[in-house]
J.: 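I'd like to ask some things about the structure below.
FYI, side chains are in, hydrogens and waters are out, and symmetry mates aren't considered; it's all heavy atoms of this structure. Everything numeric in this text was worked out from a predicted model, so none of it was measured.
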Amino acid sequence: MLKLDNVTISYKNVPTVQNFNLDMKEGQIVSLVGESGSGKTTVIRAVLGLLAGGGKVTEGSITFEGEDLLSYTPEQWRKLRGSDISMIFQDSGAMMNPTRKVGKVFTEYILTHENISKKEAWSKGIAMLERMRLPSPDNIMESYPFQLSGGMRQRVGIAMGMTYQPKLLLADEPTSALDPEMVGEVLNVMKELAKTGLTMIIVTHEMAFARDVSTRTIFMDSGYVAEDAAPSELFTNPKNPRTREFLSRYLAG
């Protein structure tokens, strides 16, 4: 489904990710783990053509279902994002305009992908919030992002990302901006999505999730893939000393 072949990503001609390889099949769940700044988020942003600050793929190729994503036009990207590939950000609430109600943002998102009435788009938004087990979806649609808890905002972001049943879901540390008591509710939603057979790449510091839910775990170190293995191997018998050091700290915590 997705292939990254010897991908190097640079900012101002300085490589930050080098020689990244991934050959991903449908239904796989790949977790990217590693220290902050190791290049995990940069990789998934490159997949969706959302590199910030002038970042560019300077070497290698990225193909999705056989198509070269690096050759896509802005219009092709617009059609791909949110339909075939969706992304959940670290703080979905921060991605929304704080002066606009959730329902306004959600219905406009739906209307950019589908030629239906505003009333139908509103109903579709309500249905997706219900699917994410959010209470009182009508009230949420009438709320501003700052009126929702962090966990609720994240589930709204997941609901938006799942509206068109994407073939690939990218998640950039979806629990990192949450209070500890809210982490569990978002992880439970992610686990439920995993059970549906959805293909996912998840950047996470939740080692238990990476170990128990992933089909593959990639440990990144300073822009390189230090280790790529099934969780049963990587978590019980890591080969790379940097992987062992990283896991000993995170699992101990």
J.: May I ask you to decide if Leu48's main-chain N or O and Arg81's side chain share a donor-acceptor pair within less than 3.5 Å?
T.: yes
J.: Could you tell me whether Glu120 and Lys124 make a salt bridge, using a distance below 4.0 angstrom between a side-chain N and a carboxylate O?
T.: no
J.: How far apart are the closest heavy atoms of Arg100 and Glu108, and which atoms are they?
T.: NH2-OE2, 2.6 Å
J.: Flag the pair Glu173 / His205 as yes when at least one side-chain heavy-atom distance between them is below 4.5 Å, and no otherwise.
T.: yes
J.: Mind telling me whether Tyr144 and Phe146 have parallel, tilted or perpendicular rings, with 30° and 60° as the class edges?
T.: parallel
J.: Quick one: does Leu51's side chain get under 4.5 Å of Lys56's, heavy atoms only?
T.: no
J.: As an exercise, state the distance from CD1 of Ile29 to CG of Leu198, rounded to the nearest 0.5 Å.
T.: 7.5 Å
J.: Say whether, by atom type as modelled, one donor and one acceptor occur between the side chain of Arg244 and the main chain of Pro238 under 3.5 angstrom.
T.: yes
J.: Does the side chain of Ile202 reach to within under 4.5 Å of the side chain of Phe209, using non-hydrogen atoms?
T.: yes
J.: Within a strict 4.5 Å, meaning less than it, do heavy atoms of the Ile126 and Glu130 side chains meet?
T.: yes
J.: How close do Val47 and Leu69 get, heavy atom to heavy atom, and via which atoms?
T.: O-CD1, 3.3 Å
J.: Between Glu227 and Leu234, is there a donor-acceptor pair closer than 3.5 Å when you use the side chain of the first and the backbone of the second?
T.: no
J.: Please find the pair of heavy atoms, one from Ser117 and one from Leu111, that lie closest to each other, and give the distance.
T.: O-CD2, 4.0 Å
J.: Look only at the side chain of Asn6 and the backbone of Asn19, and say whether a donor-acceptor pair between them is shorter than 3.5 Å.
T.: no
J.: Is the closest side-chain heavy-atom distance between Met207 and Phe246 below 4.5 Å?
T.: yes
J.: Pick one: which of Ile218, Thr8, Asp5 meets side chain to side chain contact (heavy atoms under 4.5 Å, CB included) with Phe20?
T.: Ile218
J.: Is there a donor-acceptor pair under 3.5 Å between the side chain of Gln154 and the backbone N or O of Pro174?
T.: yes
J.: With distance as the sole test, does Arg155 use its side chain to make a donor-acceptor pair with the main-chain N or O of Arg133 at under 3.5 Å?
T.: yes
J.: Transitively linked via ILVMFWY side-chain contacts under 4.5 Å: Val7 with Tyr224?
T.: no
J.: State, yes or no, whether a side-chain contact exists between Met87 and Arg45 at a heavy-atom distance under 4.5 Å.
T.: yes
J.: So how far is it from Asp23 CG to Arg216 CZ, rounded to the nearest 0.5 Å?
T.: 7.5 Å
J.: Would you tell me whether Glu35 and Ser38 have side-chain atoms, one donor and one acceptor, within less than 3.5 Å of each other?
T.: no
J.: Taking the side chain as every heavy atom from C-beta outward, state whether Asp84 and Leu168 have any atom pair closer than 4.5 Å.
T.: no
J.: For the pair Arg211 (side chain) and Pro231 (backbone), establish whether a donor and an acceptor sit closer than 3.5 Å, ignoring hydrogens and angles.
T.: no
J.: Can you name the closest pair of heavy atoms from Thr107 and Lys118 and give their distance?
T.: CG2-O, 4.4 Å
J.: Just how far is it from atom CD of Glu65 to atom NZ of Lys167, taken to the nearest 0.5 Å?
T.: 3.5 Å
J.: Any side-chain heavy atom of Leu22 within less than 4.5 Å of one from Ile201?
T.: yes
J.: Does any N or O in the side chain of Asn237 come within less than 3.5 Å of the main-chain N or O of Glu233, such that one atom is a donor and the other an acceptor?
T.: no
